[in-house]
Undergrad: 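One structure coming up, written as structure tokens, with questions to follow.
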Amino acid sequence: MGRGDLTDDGWARLRPHLPKSGQRRGRWASHCRVINGILFRQRTGMPWRDLPARFGKWKTVYERHRRWSTDGTWDKVFAAVLADADAEGRIDWSMVSVDSTSCRAHQHAAGARRKPPRVPGERRAPRQHRPDEGIGRSRGGLTCKIHLVGEGCRCPLALLITPAQWGDAPQLIPVMERIHVGRLGGGRPRTRPDHLGGDKAYSSRRNHRYLRRRQIKHTIPETGNQRANRRSRGSRGGRPTGFDKTIYKRRNEVERTINALKNFRAVAARFDKRAYVFQGTVTVAAIRLWLRG
């Protein structure tokens, strides 16, 4: 077993949720070897063509990752890993935090074809496909942004890719709607944490109304202009939002989650042209973090 490869326990957790071999025209190459090749590329950020020979043909490894990003296999595996972790009590629902991080897009990430991609064997586009490919321009050049919800044990619960110039506040609801943790014993999946933390970038009336409607307690500080606007309206401005400094200190957990994700060089710098492939890259990194737990 090489450095960074799946352990026997990690492979045992993934194996039941992977596509079965023999459902295509020929037999698939070993899933374990191919996934180790994908993880090697995730960790090093090297070009696919430069993968070591011990992982087999680079084209096989790349096409497996692209196919599973296209048809939603990585999303299904991530959901299964979350369900297993929840059944074992490894998800800390007492406090989750939302945040975002920018990733510089390499010049090779630009220039994707304008023609929409298709799921193999189907006419629909990948679920994670974006017409803008999740790449925007900032002062640093081509950049994309990863929005995520991290739980108390410093692992991701939900992920969303957008262009870097998109604000954080409008993405709180979309990323929160992606929390969907199934229950192995049956029943409705869990979608609501006990408490949510976020910095002042997420403070808006729309977000506060959404969290109150879902009965999610939250600790999000007001911005200075929002506070001044509320005071200028007098009694019509309403009461100030509750803020607990002790609870807010736990927001560092999502920062540490982002640091763990960016230890994967293929996540820290984006090399994938397609947004759905990069979404798969970040999802694989999140799966790897849960397997380490």
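Computed from a predicted structure; not experimentally measured.
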Undergrad: For residues His195 and Ser94, is any side-chain donor paired with an opposing acceptor at under 3.5 Å?
TA: no

Undergrad: Phe271 and His106: aromatic ring centres closer than 6.0 Å?
TA: yes

Undergrad: Please determine whether a side-chain nitrogen of the Lys or Arg among Asp5 and Arg54 lies less than 4.0 Å from a carboxylate oxygen of the Asp or Glu.
TA: yes

Undergrad: Under a 4.0 Å N-O cut-off, is there an ion pair linking Glu253 with Arg250?
TA: yes

Undergrad: Verify salt bridge (charged side-chain N to carboxylate O under 4.0 Å, His left out) between Arg274 and Glu133, making sure each step is shown before the conclusion.
TA: CA-CA 6 Å; Arg274 294 292 192 181; Glu133 299 300 347; 2.7 Å; yes

Undergrad: Counting N and O atoms only, with roles assigned by atom type, does the side chain of Arg251 sit under 3.5 Å from a partner on the main chain of Thr219, one being a donor and the other an acceptor?
TA: no

Undergrad: What's the separation between atom CD in Gln279 and atom CZ in Phe78, rounded to the nearest 0.5 Å?
TA: 9.5 Å

Undergrad: Verify, without hydrogens or angle tests, whether Arg67 (side chain) and Thr73 (backbone) share a donor-acceptor contact under 3.5 angstrom.
TA: no

Undergrad: With a 4.5 Å limit on heavy-atom distance, are the side chains of Trp290 and Ile91 in contact?
TA: yes

Undergrad: Check whether any side-chain heavy atom of Ile146 sits under 4.5 Å from a side-chain heavy atom of Ser100, and report yes or no.
TA: no

Undergrad: Search all heavy atoms of Glu151 against all heavy atoms of Asp92 and return the closest pair with its distance.
TA: OE1-N, 2.8 Å

Undergrad: Kindly say whether Leu196 contributes a backbone atom to a donor-acceptor pair with the side chain of Lys217 at under 3.5 angstrom?
TA: no

Undergrad: Are Thr101 and Lys145 close enough that a side-chain donor and a side-chain acceptor fall under 3.5 Å?
TA: no

Undergrad: For the rings on Trp68 and His31, is their centre-to-centre separation under 6.0 Å?
TA: yes

Undergrad: Quick check with a 6.0 Å cut-off and a 45 degree axis cone: is Arg64 positioned over the face of Trp48's six-membered ring?
TA: no

Undergrad: Compute whether any side-chain donor of one residue and acceptor of the other, for Arg206 and Tyr210, lie under 3.5 angstrom apart.
TA: no

Undergrad: Checking Asn207 side chain against Ala169 main chain: does a donor-acceptor pair fall under 3.5 Å?
TA: yes

Undergrad: Under the 3.5 angstrom rule, does the side chain of Asp99 hit a backbone N or O of Leu148 as a donor-acceptor pair?
TA: no

Undergrad: Indicate whether the side chain of Trp58 and that of Asp50 have a donor and an acceptor atom separated by less than 3.5 Å.
TA: no

Undergrad: Do Thr143 and Arg270 pair up side chain to side chain, a donor and an acceptor below 3.5 Å, judged on atom types alone?
TA: no

Undergrad: Who pairs with Thr281 by side chain to side chain donor-acceptor pair (under 3.5 Å), at least two apart in sequence or on another chain?
TA: His65, Asp272

Undergrad: For the residue pair Pro52 and Phe40, what are the closest heavy atoms and their distance?
TA: CD-CE2, 3.5 Å

